[in-house]
Amino acid sequence: MLRDRRDAQPKAQPAQADVLAKVTGYAGAATALSGAVAAIGDALPENAMTILTGGAAVAGVMALAAVLFVKIRDGKALF
């Protein structure tokens, strides 16, 4: 057990600058993705964008269902 170990060390925590750099990277990626979606939305007719949005929502729900199924099947906690 952990209390039996004399050389136990706490997990290393990332520096605040590392966390900030990671969040900044995610924000940049989200900005680029939203720009790409806006460009595609302008190029396509209005009905096509509605179909794409609905398809993305259905795909997201299916992916969530697959993840939950695998977790329940393996007996892992959901949250």
Enumerate donor-acceptor pairs with a distance under 3.5 Å from any side-chain N or O in residues 26-34 to protein atoms, sequence neighbours excluded.
{"residue": "Thr31", "atom": "OG1", "partner": "Ala27", "partner atom": "O", "Å": "2.8"}
{"residue": "Ser34", "atom": "OG", "partner": "Ala30", "partner atom": "O", "Å": "3.3"}
{"residue": "Ser34", "atom": "OG", "partner": "Thr31", "partner atom": "O", "Å": "2.9"}

Donor-acceptor pairs under 3.5 angstrom involving side-chain atoms of residues 40-55: please list them, not counting sequence neighbours.
{"residue": "Thr50", "atom": "OG1", "partner": "Glu46", "partner atom": "O", "Å": "3.2"}
{"residue": "Thr53", "atom": "OG1", "partner": "Met49", "partner atom": "O", "Å": "2.8"}

Distance-only check: which donor-acceptor pairs under 3.5 Å involve side-chain atoms of residues 58-69, not counting sequence neighbours?
none

